[in-house]
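Quick notes on the structure that follows.
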Amino acid sequence: MKVLAILYKGGSAAEQEPRLLGTIENQLGIRDWLESQGHTLIVTDDKEGPNSVFQKNIVDADILITTPFHPGYLTGDLVSKAKNLKLCVTAGVGSDHIDLNACVDRKIQVLEVTGSNVVSVAEHVVMSILLLVRNFVPAHEMIERGDWMVSEVARNAFDLEGKVVGTLGAGRIGYRVLQRLLPFNCKELLYYDYAALPADAAKAVGARRVEDLKDFVSQCDVITINCPLHEGTRGLVNAELLKHVKKGAWIVNTARGAICDKDAIAEALKAGQINGYAGDVWNVQPAPKDHPWRTMKNPIGGGNGMVPHYSGTTLDAQARYAAGTKSILENFFNNKPQEPANVIVGIGKYETKAYGQR
């Protein structure tokens, strides 16, 4: 079979660090294994436009592998051209770069390595919350400039203890964020999700469910976004919702950039409606150099905790999602059943509610 993998360029870092498995250089560690069985593997980071390696090769590829960190966007139009495509594998978590409805219609399976990076992302969320609340970035930038004016950074630095923190989405990642926040003695932990947590799980983290989204955001000092991107969540955090956010709140988004309206977020931060925004996901990846989230600031010059999309691609996570990708391929080649939790789209139907209620 022809396997097409869209990965990210590692450069000298990938040459120096072979554990960077998600790169075009190290190729998820599967080339020798695939070729030993007679399969062909094409690996590239060239994914934009009709002349890209991605679009030229998708037309006769049997399997597509891509990561959320440098995604190959498989649109409905490309699905219609991919006459041989049978399986799409996300090496990681999150398959919103794929037109899932088109795959349902074409009976193309879509799988991801569920759970492979949930700990990695949850840790990044907690780090991001702290760097916003403690006003860390401006303090570090001050030191780099050679300055020392404690008052300039301390005037917007707070404790996490005593704050209300809420997660928009309480699935595998959102719940782990709540678990990790327990030692900080927050005033209250909230969650908003169309599905209620099991009673024992909610009790274990002391989390209260808020069923109205506007009510939820109005109560939170910190909002962390941990839900998948689909028709029901695209643009969910927009200018109208931001009016209901508690003034001066902080928002952390490690889910998907397109859940938030990029211009509305930038304007809310500039106006001081929110005090900070951090995350590693962007509505287009790689983000263009003029993307407003690269440079946006609050009125006193802080509040930006944006980084490239790497929270779920630590070396530990890469080992997990590379192994999970190989396992999915082995099952597929040998006609063995897949791990149910990994299946997003089965043969002609959704197998999960993670991408909205269906």
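Counting heavy atoms from C-beta on, the side chains of Leu74 and Leu85 come closer than 4.5 Å. Proximity of His39 to Phe333: side-chain heavy atoms (C-beta onward) are separated by under 4.5 Å at one or more points. Under the 4.5 Å side-chain criterion, counting only non-hydrogen atoms from C-beta, Leu241 is in contact with Val217.
Side chains of Ser311 and Thr254: a donor-acceptor N/O pair is absent below 3.5 angstrom, by distance only.
Electrostatic pairing of Lys2 and Asp60 counts as a salt bridge here, judged by a charged N lying under 4.0 Å from a carboxylate O. Between Asp212 and Lys214, none of the side-chain N atoms (NZ, or NE/NH1/NH2) sits under 4.0 Å from a carboxylate O, so this pair counts as no salt bridge. Look at Arg234 and Glu231 and you find no salt bridge, because none of the NZ, NE, NH1 or NH2 atoms lies under 4.0 Å from a carboxylate O. Taking 4.0 Å as the cut-off between side-chain N and carboxylate O, Glu188 and Arg208 count as a salt-bridged pair.
Tyr321 and Ile173 are members of different hydrophobic clusters when ILVMFWY side chains are connected at heavy-atom separations under 4.5 Å. Val177 and Tyr175 fall within the same hydrophobic cluster, where Ile, Leu, Val, Met, Phe, Trp and Tyr residues are linked whenever their side-chain heavy atoms come under 4.5 Å apart, directly or through other members. Under the 4.5 Å side-chain heavy-atom criterion for Ile, Leu, Val, Met, Phe, Trp and Tyr, Phe69 and Val110 are members of distinct hydrophobic clusters. Val89 is connected to Leu34 through a chain of hydrophobic side-chain contacts under 4.5 Å among Ile, Leu, Val, Met, Phe, Trp and Tyr, so both are in one cluster.
For the pairing with Ile108, the side chain to side chain contact (heavy atoms under 4.5 Å, CB included) check across Leu64, Leu87, Val79 returns one residue only, Val79.
Rounded to the nearest 0.5 Å, atoms CG (Leu132) and OH (Tyr277) are 10.5 Å apart.
Residue-environment remark: CZ (Arg19) stays at or below the threshold of 12 foreign heavy atoms within 6.0 Å.
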